[in-house]
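For the single chain, residues carry numbers from 1 onward in sequence order. In each ligand, atom 1 is the first atom listed, and ligand 1 is the first ligand listed.
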Amino acid sequence: MKITIAGGGSTWTPGLLNAITNHKDNFPIDELVLFDNNPERQKIIGEFGKVLFREKYPNLKFSYTTDIKEAFHNVDYVFCQIRTGGYEMRKKDEKIPLSMGLIGQETCGPGGFAYGFRSIPDMIKLVNDIRKYSKDAWILNYTNPAAIVAVALKKEFPNDNRILNICDQPINLLKSYGKILDMDYREFEPYYFGLNHYGWFTKLLDKKGNDLLPKLKEVIKSEGFLPADAEQRDQSWLDTYGMVQQMVEDFDEYLPNTYLQYYLYPKYKLSKLDPNYTRADEVIDGREKNVFNECKKVYEQQTLDGIKMVHNDAHGDMIVEIAMSIEYNLNNYFIVIVENNGIINNLSDDAMVEVTATLGKNGPRPFTVGDISTFYKGMIESQYAYEKLITEAYYEKSYNKALMALTLNRTVIDVNDAKKVLNALIEANKEYWVELD
Ligand code: G6P
Ligand code: MN
């Protein structure tokens, strides 16, 4: 079995390599390749990988490359996570809207819009490159903004059933619920619906079929909410999880995805976000620095001995568990992004919804959700219209549709704001975006 990681130079890659190592007995692979278009960044992680595998997984054939054929020839799984423009552009995605009094966030609002417009062409190219050399490889894609990428890939490759778009936030939330309830999150049968970074848990069943959601809501209302790995998290993530308490106090039917904070409380979040030091800065000064320093150190001393691993493997574990569920037809529960096609009964068929599915050899088998009630339907309809209009704006090179999209986003609303931020983002993204007429 051959696996390729597209985005070999990502800060998440060392954690993924470690997760692959930890699963070597229950998910054995023969060959692993890192692929990136940034050779300098990838080299540091690739050299770390060589030491890691030499010491912990010596029979694994490992290499890193910038060559498409080497990367994608005869591959079984591609784990993709690319970031067009890198963290420098993430900074702009966050700071440009914030400088105008609008939410500036990696995947939500105008920042997510900008990132989406950069990701679409690169993801289309990547899928074409993979398909040129491996027709049947599973493409497990967690490139952001996953909601927009999923809509665009469905439009470009409507019949390709081996592209699976996924996000780790629902699992992160399940792990956090597990911590509160003192249970392993794998025991849960979650009920969930929405769009990516825009959804709700409606039930959380235990093995006996009892719904744990009412109890969880009570605990969160009275004690607040923390991520399962709180000690490894920066303050901004603790604040984000903290907002779940407020969200459940205001609308206590379901448990919300943390990203809903930006859409439900844009004014409050705006007052808390620092336009001069955003999450991108925090990542550059924190995770990126730590991960790359660690990799360099391992490379220099040519052994893992005495190195305290700073990276987080949880993200990697999720990817490996997804691949295992497909490869061994385990049909475990995952929350994945799939075409609606009636899953949510009163929502258009072409929406790319995030819902619970079992995952096996033939892909995801989602569970039906049925009708959703007016508030959620209203929220999702407008957000989906925004996602769809972005994709149309991209294909039609339409300024007007881009403006419509931003106007529909709950973090923007005012057309004058939408225009102002769109014009500034066009200027900042000249190197990356299609030109809009
Ligand atoms: C969660 C989301 C990802 C997102 C990440 C950002 O895991 O599901 O989509 O990329 O957070 O994390 P960061 O630490 O880079 O802000
Ligand atoms: Mn995500």
Visitor: With no hydrogens and no angle check, do the side chains of Tyr263 and Gln383 hold a donor and an acceptor under 3.5 Å apart?
Guide: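 A donor-acceptor contact under 3.5 Å links the two side chains.
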Visitor: So, Tyr142 versus His315, ring centres under 6.0 angstrom or not?
Guide: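 Centroid distance Tyr142-His315: below 6.0 Å, so yes.
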Visitor: Decide side-chain hydrogen bond (donor to acceptor under 3.5 Å, both in side chains) for Asp122 and Thr84; before the verdict, give the C-alpha distance in whole Å, the side-chain angles of both, and the deciding distance to 0.1 Å.
Guide: CA-CA 7 Å; Asp122 278 13; Thr84 303; 2.8 Å; yes
Visitor: Are any of the heavy atoms in Arg83 under 4.0 Å away from ligand 1?
Guide: no
Visitor: Could you tell me whether Arg90 and ligand 1 have an N or O pair separated by under 3.5 Å?
Guide: yes
Visitor: Can you tell me which residue and heavy atom of the protein come closest to atom 7 (O) of ligand 1, and the distance to 0.1 Å?
Guide: Asp168 OD1, 2.7 Å
Visitor: Does any N or O in the side chain of Asn257 come within less than 3.5 Å of the main-chain N or O of Tyr198, such that one atom is a donor and the other an acceptor?
Guide: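 Such a contact is absent between Asn257 side chain and Tyr198 backbone.
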Visitor: Counting heavy atoms only, which part of Tyr115 comes closer than 4.0 Å to ligand 1: side chain, backbone, both or neither?
Guide: neither
Visitor: A quick test of your reading: do over 12 heavy atoms of other residues, nucleotides or ligands sit less than 6.0 Å from CZ of Phe157?
Guide: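 Enclosed.
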Visitor: So is Asn144 polar-close to ligand 1, meaning N/O to N/O under 3.5 Å?
Guide: yes
Visitor: Considering only the protein, which heavy-atom contact is closest to atom 6 (C) of ligand 1, and what is its distance?
Guide: Glu106 OE1, 3.5 Å
Visitor: Can you confirm whether Lys92 is buried at NZ, in the sense that more than 12 heavy atoms of other residues, nucleotides or ligands lie under 6.0 Å from that atom?
Guide: no
Visitor: Of all the atoms in ligand 1, which lie at a distance below 4.0 Å from a heavy atom belonging to Val283?
Guide: 15 (O)
Visitor: What are the protein N, O or S atoms, given as residue plus atom name, that sit under 2.8 Å from the Mn ion (ligand 2)?
Guide: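 Less than 2.8 Å away from the Mn ion (ligand 2) sit Cys167 SG, His197 NE2.
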Visitor: Which of the atoms in ligand 1, numbered in the order shown and given with their element, are less than 4.0 Å from a heavy-atom of Arg287?
Guide: 13 (P), 14 (O), 15 (O)
Visitor: Quick one: does Tyr142 get a heavy atom under 4.0 Å from ligand 1?
Guide: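 Contact check Tyr142 vs ligand 1: negative.
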Visitor: Would you say Tyr395 has more than 12 foreign heavy atoms packed within less than 6.0 Å of its OH?
Guide: yes
Visitor: Considering non-hydrogen atoms of the protein only, which is the closest contact for atom 14 (O) of ligand 1, and what is the distance?
Guide: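 The closest one turns out to be Arg279 NH2, 2.5 Å.
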Visitor: Is any side-chain heavy atom of Ile3 closer than 4.5 Å to one of Phe27?
Guide: yes
Visitor: Given ring pair (Phe, Tyr, Trp, His ring centres under 6.0 Å), test Tyr333 with Phe188 step by step and report yes or no.
Guide: CA-CA 9 Å; Tyr333 296 125; Phe188 297 143; over 10 Å; no
Visitor: Only heavy atoms of Cys167, strictly under 4.0 Å: list the atoms of ligand 1 that pass.
Guide: 8 (O)
Visitor: Report the residues that fulfil salt bridge (charged side-chain N to carboxylate O under 4.0 Å, His left out) with Lys215, sequence neighbours left out, ordered by chain and then residue number.
Guide: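 So Lys215 forms no salt bridge (charged side-chain N to carboxylate O under 4.0 Å, His left out) with any residue.
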Visitor: Report yes or no: does Asp349 contribute a side-chain atom to a donor-acceptor pair with the main-chain N or O of Gly342 at less than 3.5 Å?
Guide: yes
Visitor: Examine ligand 1 and decide if any of its atoms is less than 4.0 Å from a heavy atom belonging to His315.
Guide: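 It does not, in that no heavy atom of His315 comes within the 4.0 Å cut-off of ligand 1.
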Visitor: Can you find a pair of side-chain heavy atoms, one from Leu17 and one from Tyr57, that are under 4.5 Å apart?
Guide: no
Visitor: Parallel, tilted or perpendicular: which fits the ring planes of Trp200 and Phe193, with parallel below 30° and perpendicular above 60°?
Guide: tilted
Visitor: Looking at atom 12 (O) of ligand 1, what's its closest protein heavy atom, distance included?
Guide: Trp237 CZ2, 3.7 Å
Visitor: Checking a contact table here: which protein heavy atom is nearest atom 2 (C) of ligand 1, and how many Å away?
Guide: Tyr259 OH, 3.2 Å
Visitor: For the 3.5 Å polar cut-off, considering only N or O atoms, please tell me whether His197 and ligand 1 meet it.
Guide: yes
